[in-house]
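Here's the structure we're looking at; comments come further down.
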Amino acid sequence: MTSTHYDIAIIGAGPGGYVAAIRAAQRGAKVAIVEKQYMGGTCLNVGCIPSKAMLHVAETLHNLSSVEELGITLLQPPVFHMDKAVAFKDKVVKRMTSGVGTLMKANKVDVFDGLGSVDASKNVTVTSNGNKQQFSADKIILANGSVPFIPSMPGVDGDKVMNSDTCWNLQKTPESLICVGGGVIGIELACMFSALGTKVTVIEMLPNVLAPVDEEVRKLLVRIMGKRGINIVTNARVESIEDVDGQKKVRTTTDKGEQTFSAEYVLMAVSRRANTSGLEQLMEQGLDTDRGRVRVNERMETNLPGIYAIGDLTHGAGLAHVASMEGEIAADNATGHDAIMNYDVVPNPIYTFPEMASVGLTEAQAKEKYPEIRVERFPWAAIGKAVAIGETEGFTKVIIGKYGELLGAHIIGPDATNLITEYSLAMRGELTVDEIEETIHPHPTLSEGLREAVLAAEGHPIHIPPKQSVRAR
Amino acid sequence: MTSTHYDIAIIGAGPGGYVAAIRAAQRGAKVAIVEKQYMGGTCLNVGCIPSKAMLHVAETLHNLSSVEELGITLLQPPVFHMDKAVAFKDKVVKRMTSGVGTLMKANKVDVFDGLGSVDASKNVTVTSNGNKQQFSADKIILANGSVPFIPSMPGVDGDKVMNSDTCWNLQKTPESLICVGGGVIGIELACMFSALGTKVTVIEMLPNVLAPVDEEVRKLLVRIMGKRGINIVTNARVESIEDVDGQKKVRTTTDKGEQTFSAEYVLMAVSRRANTSGLEQLMEQGLDTDRGRVRVNERMETNLPGIYAIGDLTHGAGLAHVASMEGEIAADNATGHDAIMNYDVVPNPIYTFPEMASVGLTEAQAKEKYPEIRVERFPWAAIGKAVAIGETEGFTKVIIGKYGELLGAHIIGPDATNLITEYSLAMRGELTVDEIEETIHPHPTLSEGLREAVLAAEGHPIHIPPKQSVRAR
Amino acid sequence: KQTGGQRPPHPNRTLATPVARRMAREFNIDIASLTGTGHSGRVRTEDVQQAIARLNAPQETVA
Ligand SMILES: Cc1cc2nc3c(=O)[nH]c(=O)nc-3n(C[C@H](O)[C@H](O)[C@H](O)COP(=O)(O)OP(=O)(O)OC[C@H]3O[C@@H](n4cnc5c(N)ncnc54)[C@H](O)[C@@H]3O)c2cc1C
Ligand SMILES: Cc1cc2nc3c(=O)[nH]c(=O)nc-3n(C[C@H](O)[C@H](O)[C@H](O)COP(=O)(O)OP(=O)(O)OC[C@H]3O[C@@H](n4cnc5c(N)ncnc54)[C@H](O)[C@@H]3O)c2cc1C
């Protein structure tokens with residue numbers, strides 16, 4: 001079944017690699033994919049999918065606290081079993097990862113289990129339990145992905161210090177947890193554990209958590225997280241982790257001097273680094289990298305001929321859908337087609353409570369880049385569907401350029417991660433606010449809020465009072 | 001405060017009328033609106049909003065039956081109190097309708113409480129508790145809406161025979177209910193009562209419920225409703241309703257002869273008719289109507305000069321967002337601008353379990369109209385987010401024309417009513433499948449299913465096995 | 001990403017994106033005079049921006 005020569009060999013079966021494999025096979029290529037650990041990569045095993053399954057559990061649990069208002073009485077408080085929730089999560093992960101296996105078969109992609117090492121002549125060696133297999137390929141796509149970056153500090157390898165690879169199989173809900181790092185992954189996991197009943201503290205070194213998020217959106221999220229009882233500490237640098245009386249004690253230096261925090265668990269979520277295992281030879285042979293990440297052009301080509309790289313291995317976006325689109329692009333180019341990756345319109349979904357999502361520029365970025373912009377926001381509280389489902393916190397914010405084009409859009413509120421696609425499509429299709437305004441948005445839906453935000457920016461919203469200076473169209 | 005002459009007078013404050021009022025005021029007009037019963041009309045009081053609030057309760061209740069799988073144990077079964085659910089619904093309705101009042105004030109629209117009668121010279125008489133007020137206007141917008149159509153038959157005015165105006169304030173969940181009529185309103189209410197614990201039977205005269213819905217989508221919904229225990233009887237004509245032993249007995253004639261059904265309640269939902277109260281004079285003066293509905297052109301003008309009509313009064317769409325868009329169009333034209341209503345891209349949301357939504361043509365319609373179409377579907381079961389939230393039933397179906405344009409799209413599954421907006425925007429903005437394909441859809445979201453459906457139609461889906469004949473692009 | 005697009009141009013579809021149209025209008029550029037690089041030859045903002053750059057380019061740099 002397996003062969004000694006392939007048109008295309010792919011290293012790593014995450015959302016970058018497995019999508020590239022499918023696309024290349026559909027283009028008629030004979031494809032091999034090498035995976036050392038798990039089909040589906042970070043995303044399906046310890047990233048997007050398990051986190052969203054657990055967030056679903058967390059959200060369901062959280063919503064139980066407000067069913068009384070709907071006329072539903074729980075005579076006794078619900079009992080939560082972390083181990084069963086984990087079993088649910090495992091079922092979801094299993095279903096998705098075995099789905100990837102099925103897709104490989106259906107597309108006639110040969111799967112090699114083991115660590116793949118590559119050289120510049122495009123020979124691939126697969127090592128598994130000491131056994132070696134070899135084959136060559138015309139083209140190689142590197143999709144090795146990333147792994148948690150664990151800074152070295154005293155106590156970081158201790159017991160009950162977890163990271164995003166190791167936090168998924170707890171059999172009991174932690175009483176309390178300190179999350180070191182307030183980036184997207186840290187904040188998502190903080191919200192998740194909090195909703196599962198854990199007392200959570202987030203410690204961030206920078207002045208703000210979620211630094212790249214539009215300021216107004218971020219501020220609201222931080223306020224809501226505070227109301228939910230999550231303690232967010234910024235400008236604090238973690239120095240060490242100690243064990244004191246069965247608790248983890250985290251020592252930090254802050255602008256106000258030393259501060260320490262205690263909890264049952266610590267979760268390290270400061271950042272991720274490219275996974276270059278198996279690329280040692282290529283690096284010796286001159287593979288171009290930049291701060292540990294493989295450098296590519298917009299065709300996803302590395303500096304070595306016939307060798308492509310995609311996904312988390314290549315840059316800091318850290319988004320599965322970017323890895324997948326890059327996988328499609330690399331596969332297209334590796335099969336003789338011509339495709340270019342465009343990073344102007346990349347949606348960024350963040351699974352907090354409530355959700356956030358954005359595409360394009362923040363207000364601050366837009367102000368810097370364009371002299372004439374209009375910025376407006378529309379609150380969920382004015383949307384019937386949001387009121388009917390009891391989720392009225394948040395707003396949709398749009399930033400419009402002088403040609404009526406969307407420069408950026410930011411949503412915080414129910415279903416934000418789905419809704420952002422409408423704006424993404426408008427940006428990618430170069431539609432203006434006129435087309436969004438002319439499009440009938442169904443009632444009652446949350447999508448109405450997206451049209452209203454545009455109407456607001458144009459000076460004539462329907463469901464919020466007009467501003468002092470109403471502008472005629 | 002109120003005046004005797006207005007630029008524009010609007011009859012009826014439903015989603016057609018109140019939106020027209022806001023838009024006209026924003027255009028600088030002096031506007032009066034007359035409402036005889038409730039701000040927000042059918043939609044906010046006895047239509048879209050209460051039904052979605054109650055559906056939210058119903059869905060929450062329904063979901064409680066599957067929390068065990070998520071690791072959440074309810075030690076005793078939840079107790080449902082219909083009266084409290086109704087109070088929640090009332091709160092939602094109150095908030096939305098008083099919001100409309102606030103918007104009228106903020107936009108300086110004068111509100112007249114009472115029945116408005118209009119003549120062709122554009123004089124308006126408002127009657128309330130025997131008191132009369134009069135004023136004139138340069139332009140009139142008729143937005144009288146619609147009311148339930150109750151066919152005359154024995155027993156139809158009896159006790160415990162409800163319609164969509166009167167079914168919202170029950171203090172106890174009906175044991176059982178017969179819904180007469182399997183259109184959108186009947187089916188939505190059937191799903192709602194069923195999820196609230198009522199044993200529901202739907203009786204439809206035609207061979208199919210939801211006749212205008214794409215056949216494949218409809219068939220799946222009917223199957224799911226069956227699994228949920230809803231009994232759907234088609235080809236059955238209701239002849240009478242009787243009281244027998246404290247039960248309502250509904251007698252029907254079917255192709256198999258007479259059949260009778262019993263339940264605690266009957267809900268009449270056969271159709272709606274235009275509400276022409278207050279239009280008697282105009283009709284005498286020659287207002288053009290068609291089977292009871294006021295005829296208008298694409299500028300929303302009636303045959304009488306300066307008199308516009310919009311919403312349910314005018315045609316059978318029966319959709320709030322259509323009424324609102326027509327309101328904007330009428331207000332634009334009545335204030336000297338030039339706008340045209342376009343009915344090609346009207347999304348149709350249907351709030352069942354799971355939701356359905358469509359835009360454009362059904363497969364059957366498209367086949368009849370275009371020689372070259374491609375039709376493909378993509379199942380929710382292949383989308384990670386759907387699996388993670390445990391809602392995998394259903395699919396997205398697209399119908400693509402020879403220029404790569406969307407001719408129609410149909411979604412059955414979680415969040416369908418929001419998701420349809422992406423396709424609506426693509427159609428209205430004349431985007432092709434290429435732009436949808438190029439748009440990065442965030443992961444993990446349901447919106448990924450919409451791109452995959454397009455990829456499937458183009459012959460290269462990622463997350464389902466390729467068809468026998470894979471077409472190279 | 002620029003793939004696909006090997007289909008017949010729509011007879012009555014505008015061959016420019018809405019943003020490109022607005023941009024061209026501001027600079028008095030005739031959309032019909034541009035070669036679109038989008039799908040089915042659709043004129044995109046990038047095409048208009050290049051045309052604007054050509055307009056602004058000093059004479060001597062024109063090859
Ligand atoms: C907790 C968490 C939540 C996240 N949530 C989201 C989200 O909601 N949305 C989103 O877009 N992104 C999310 N991400 C990020 C997302 O998981 C990554 O961007 C994505 O997985 C990157 O895909 P990839 O294919 O480049 O790499 P990976 O998914 O990391 O896959 C790389 C694969 O290559 C294998 N591999 C590496 N080297 C070799 C070798 N030499 N030989 C053989 N196999 C090898 C690895 O075992 C791995 O399976 C999340 C990440 C985390 C940690
Ligand atoms: C149960 C149900 C669920 C529905 N769900 C949806 C849905 O999910 N989505 C959707 O799009 N549509 C839905 N609809 C349909 C939607 O409610 C209507 O399409 C919409 O309300 C029509 O708006 P309108 O402004 O034309 O009329 P209406 O909403 O009917 O408003 C007309 C108003 O005019 C007033 N009026 C009439 N005559 C006079 C007069 N002479 N003087 C003064 N006032 C007068 C009436 O009192 C009323 O308030 C639903 C309908 C029902 C019954």
Side-chain angles (χ1 to χ4, degrees), chain A residues 19 22 26 48-49 52-53 56-57 60-61 67 69-76 78-81 84-85 88 92 95-96 106-107 320-321 325 346-347 349 384-385 387-389 415 417-418 420-422 424-425 428-429 431 435 438-447 460 462 465-466 470, chain B residues 19 22 26 48-49 52-53 56-57 60-61 67 69-76 78-81 84-85 88 92 95-96 106-107 320-321 325 346-347 349 384-385 387-389 415 417-418 420-422 424-425 428-429 431 435 438-447 460 462 465-466 470:
Chain A
V19 168
I22 292 170
Q26 286 177 353
C48 330
I49 294 302
K52 273 77 234 183
H56 173 56
V57 173
T60 304
L61 193 61
V67 297
E69 202 208 351
L70 306 180
I72 302 168
T73 304
L74 304 179
L75 298 169
Q76 291 181 52
V79 183
F80 177 61
H81 307 279
K84 285 194 202 151
F88 165 75
V92 170
R95 181 159 164 185
M96 297 315 298
N107 287 284
H321 41 283
M325 186 62 94
V346 173
K385 183 69 192 295
V387 174
I389 63 171
D415 230 8
T417 58
N418 270 326
I420 200 68
T421 302
E422 176 180 350
S424 304
L425 182 68
R428 196 67 179 97
L431 301 181
E435 282 78 39
E438 278 169 12
T439 299
I440 302 179
H441 285 52
H443 179 80
T445 63
L446 298 171
S447 78
H460 49 261
I462 299 290
V470 173
Chain B
V19 168
I22 293 170
Q26 287 178 352
C48 329
I49 294 301
K52 272 78 237 183
H56 173 57
V57 172
T60 304
L61 194 61
V67 296
E69 201 206 352
L70 307 180
I72 302 168
T73 304
L74 303 179
L75 297 170
Q76 292 181 51
V79 183
F80 177 61
H81 307 280
K84 286 195 200 150
F88 165 75
V92 170
R95 181 158 165 186
M96 297 315 297
N107 286 285
H321 42 282
M325 186 61 94
V346 173
K385 184 70 192 297
V387 174
I389 63 172
D415 230 7
T417 59
N418 270 326
I420 200 68
T421 303
E422 175 180 352
S424 304
L425 182 69
R428 194 70 178 96
L431 300 179
E435 282 87 17
E438 279 175 1
T439 300
I440 302 180
H441 286 52
H443 178 78
T445 63
L446 298 170
S447 77
H460 49 261
I462 299 290
V470 175

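Just so you know, these numbers use all the heavy atoms, side chains as well, and skip hydrogens, waters and symmetry mates. In what follows, every chain begins at residue 1, and chains take the letters A, B, ... in the order their sequences are listed. As the structure is a prediction and not an experimental result, all values here were calculated from the model.
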Please report the shortest heavy-atom distance between [X] and [Y], naming the atom on each side.
{"X": "B/Asn418", "Y": "A/Ser447", "value": "OD1-N, 3.0 Å"}
{"X": "A/Glu435", "Y": "B/Gly429", "value": "CG-CA, 4.2 Å"}
{"X": "B/Ala388", "Y": "A/Lys52", "value": "CB-C, 4.1 Å"}

Taking every non-hydrogen pair under 4.5 Å, which of [options] racks up the most with chain B?
{"options": "A/Leu425, A/Thr60, A/Leu431", "answer": "A/Leu425"}
{"options": "A/Leu70, A/Val19, A/Thr445", "answer": "A/Leu70"}
{"options": "A/Asn107, A/Leu61, A/Ile462", "answer": "A/Ile462"}
{"options": "A/Val92, A/Thr73, A/Ile49", "answer": "A/Thr73"}

Within-4.5 Å side-chain heavy-atom neighbours: A/Pro442 and B/Thr417: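 No, too far: nothing below the 4.5 Å cut-off.
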With a 4.5 Å cut-off on side-chain heavy atoms, are A/Ile440 and B/Ser424 touching?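 The answer is no; the side chains never approach within 4.5 Å.
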Between A/Ile72 and chain B, with a heavy-atom cut-off of 4.5 Å, which part of the residue counts as in contact: side chain, backbone, both or neither?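 Both parts, backbone and side chain.
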Option in [options] with maximal non-hydrogen atom pairs under 4.5 Å from chain A:
{"options": "B/Glu422, B/His441, B/His321", "result": "B/His321"}
{"options": "B/Lys84, B/His443, B/Gln76", "result": "B/His443"}
{"options": "B/Val67, B/Leu75, B/Ile420, B/Val346", "result": "B/Leu75"}

Could I get the full list of side-chain contact (heavy atoms from CB on, under 4.5 Å) partners for A/Ala85, not counting sequence neighbours?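 A/Ala85: side-chain contact (heavy atoms from CB on, under 4.5 Å) contacts with A/Met54, A/Val57, A/Phe80.
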Just jot down the salt bridge (Lys or Arg N to Asp or Glu O under 4.0 Å) partners of A/Glu438, sequence neighbours excluded, or say none.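 Partners of A/Glu438 under the salt bridge (Lys or Arg N to Asp or Glu O under 4.0 Å) test: B/Arg428.
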